[in-house]
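To start, the structure itself, in structure tokens.
Here, residue 1 is the first one in the sequence, and each next residue gets the next number.
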Amino acid sequence: MSAVKDFSVEEKLSSLVQLQKIDSKLDEIQILKGELPIEVKDLEDEIEGLHARQTRIEEEINGMQEFINQKKEAIKEAEALIKKYEKQSDNVKNNREFEAINKEIEMQTLEVKLCEKHIKDATEEIADKAKQLEIAKKAVGSKENNLNAKKAELEKIIGETEKEEKHYNKEAAAARAHVDERLLTSYDRIRKNYRNGLAVVPVERDSCGGCFHAIPPQKQSEIKLRKKVIVCENCGRILVDTDLNDSIEVK
């Protein structure tokens, strides 16, 4: 940055005015884009979340379906054992054997009923999950349509302003090269403090062009001399005279 020190205060002020006007042009382009970049990002995040939810529901349905299949197999095994015990009951030799077989039949019958209840509950849960899945799919479809529309709108604006934006970014870099780092840091900080992004403003009608605070005649005379950087005591913006401001045009 040593070469920057060779520039006079007037040259630095001229570069700051030019930079401000270029940045204002870039701000206008961002205003054209509006909230679209944020909206696109938010929609992409929402869709990603919905896809994750959809996948989770599908996995839960598959898990419950596997659970149902296991219970159906358990019913088959229990029913096979019941038939086996019923056949054995025809050949019992005493009451003790008969009671033992009956107890096994009762246990397997209870197992069948329990499995059937589990299947019924799981089937109802699958039906509920299927509704949730359908809602998630519809939400994804709706969000994707909205996203595509927002993207198309943003891409159109980008297409229309890309050349202009590149031009102004190049011009801004050239203007910055004529201002020392400390002054640029102040300029950038001031710009961030105000929604309109104005850090360098002319004195208009004896007032600051940013906050309209009255500028004393003596200070106005100092500003016109362009011998030092003067800021508004009220808002902190860098002040320049109207002639300097009007002499610089940005195309």
- Can you measure from OH (Y187) to NZ (K192) and round to the nearest 0.5 angstrom? 12.0 Å

- Query: Can you list every pair that meets salt bridge (Lys or Arg N to Asp or Glu O under 4.0 Å) and has a residue in residues 13-30, with sequence neighbours left out?
  - Reply: D23-R191, D27-R191

- Task: Indicate yes or no for a side-chain donor-acceptor contact from S142 to the backbone of K138 under 3.5 Å, with no hydrogens or angles considered.
- Result: no

- Across all chains, not counting sequence neighbours, the side-chain contact (heavy atoms from CB on, under 4.5 Å) partners of E155 are K151

- Message: Working to the nearest 0.5 angstrom, can you tell me the gap between K12 NZ and H178 NE2?
- Response: 12.0 Å

- Looking at side-chain heavy atoms only, is the closest gap between D188 and T185 below 4.5 Å? no

- Query: Are V200 and V250 connected in a single hydrophobic cluster, I mean Ile/Leu/Val/Met/Phe/Trp/Tyr linked by side-chain heavy atoms less than 4.5 Å apart?
  - Reply: no

- Task: Give a yes or no on whether a salt bridge exists between K228 and E222, defined as a side-chain N under 4.0 angstrom from a carboxylate O.
- Result: yes

- Scan for side-chain hydrogen bond (donor to acceptor under 3.5 Å, both in side chains) pairs involving residues 196-217, sequence neighbours excluded, and state none if there are none. D206-Q220

- Task: Starting at SG of C232, measure out to NZ of K219 and round the result to the nearest 0.5 Å.
- Result: 8.5 Å

- Message: Holding to ring pair (Phe, Tyr, Trp, His ring centres under 6.0 Å), I want the full list of residues that pass it with F67, two or more places apart in sequence or in another chain.
- Response: H118

- Apply side-chain hydrogen bond (donor to acceptor under 3.5 Å, both in side chains) to Q132 and list each qualifying residue two or more places apart in sequence or on a separate chain. D128

- Among all residues two or more places apart in sequence or in another chain, which pass the salt bridge (charged side-chain N to carboxylate O under 4.0 Å, His left out) test with E48? none

- Query: Hey, which of L16, V17, L19, V240 is the one that makes side-chain contact (heavy atoms from CB on, under 4.5 Å) with I248?
  - Reply: V17

- Taking side-chain contact (heavy atoms from CB on, under 4.5 Å) as the test, write out the residues that go with A74, two or more places apart. E111, C115

- Side-chain contact, heavy-atom cut-off 4.5 Å: L239 with C208? yes

- Message: Please find the pair of heavy atoms, one from A122 and one from I68, that lie closest to each other, and give the distance.
- Response: CB-CG1, 3.6 Å

- So E162 and K166, salt bridge (charged side-chain N to carboxylate O under 4.0 Å, His left out) or not? Walk me through it. CA-CA 6 Å; E162 187 175 17; K166 283 181 179 178; 3.8 Å; yes

- Task: Look only at the side chain of Y168 and the backbone of K163, and say whether a donor-acceptor pair between them is shorter than 3.5 Å.
- Result: no

- Pairing of K71 and E116 as salt bridge, 4.0 angstrom limit: no

- Message: Between Q108 (side chain only) and I105 (backbone N and O only), is there a donor and an acceptor less than 3.5 Å apart?
- Response: no

- Looking only at non-hydrogen atoms, find the nearest pair between V40 and L147 and report the distance. O-CD1, 3.7 Å

- Using a 4.5 Å cut-off on heavy atoms from C-beta on, say whether the side chain of V9 contacts that of L13. yes

- Note on the structure: The salt bridge (charged side-chain N to carboxylate O under 4.0 Å, His left out) partners of E77 (sequence neighbours excluded) come to none

- Looking only at heavy atoms, which two atoms of I61 and A130 are closest? And how far apart? CD1-N, 4.0 Å

- Joint cluster assignment, L26 & L36, ILVMFWY side-chain distance < 4.5 Å: no

- Residue pair Q20 / S24, side-chain donor-acceptor N/O under 3.5 Å: yes

- Pairs meeting criterion side-chain hydrogen bond (donor to acceptor under 3.5 Å, both in side chains) with involvement of residues 234-251, two or more places apart: R226-D241

- Message: Before you tell me yes or no, could you show the steps for T109 and K113 under side chain to side chain contact (heavy atoms under 4.5 Å, CB included), namely the whole-Å CA-CA distance, both residues' side-chain angles and the distance that decides it to 0.1 Å?
- Response: CA-CA 6 Å; T109 301; K113 288 180 179 179; 4.3 Å; yes

- Partner set under side-chain contact (heavy atoms from CB on, under 4.5 Å) for E79, not counting sequence neighbours: I75, V112

- Same cluster (ILVMFWY, side-chain, under 4.5 Å), L183 and Y194: yes

- Item | Any side-chain heavy-atom pair of R56 and R53 under 4.5 Å | yes

- Verdict with reasoning, E73 to K76, per salt bridge (charged side-chain N to carboxylate O under 4.0 Å, His left out): CA-CA 5 Å; E73 285 300 316; K76 287 181 183 178; 3.8 Å; yes

- V229 with I215, same ILVMFWY side-chain cluster at under 4.5 Å: no

- Pairwise distance CD1(I47) to CD(E144) - rounded to 0.5 angstrom: 5.0 Å

- Note on the structure: SG (C235) and CG (L198) are apart, to the nearest 0.5 Å, by 9.5 Å

- Mind checking what makes side-chain contact (heavy atoms from CB on, under 4.5 Å) contact with E35, not counting sequence neighbours? I38, E39

- Message: Could you tell me if the side chain of E104 sits less than 4.5 Å from the side chain of Q88, heavy atoms only?
- Response: no

- E97 versus N94: any side-chain heavy-atom pair under 4.5 Å? yes

- Item | Test item: T161 and L32 side chains (from C-beta on) under 4.5 Å apart, heavy atoms | yes

- Query: Applying the 4.5 Å side-chain criterion to the ILVMFWY set and letting contacts propagate, would I101 and F98 be lumped into a single cluster?
  - Reply: yes

- Message: Working to the nearest 0.5 angstrom, can you tell me the gap between E11 CD and S14 OG?
- Response: 7.5 Å

- Residues pairing under side-chain hydrogen bond (donor to acceptor under 3.5 Å, both in side chains) where one sits in residues 58-70, two or more places apart or in two chains, turn out to be E60-K129

- Message: Can you confirm whether more than 12 heavy atoms, excluding those of K33, are under 6.0 Å from its NZ atom?
- Response: yes

- I238 vs V201 side-chain heavy atoms within contact, under 4.5 Å: no

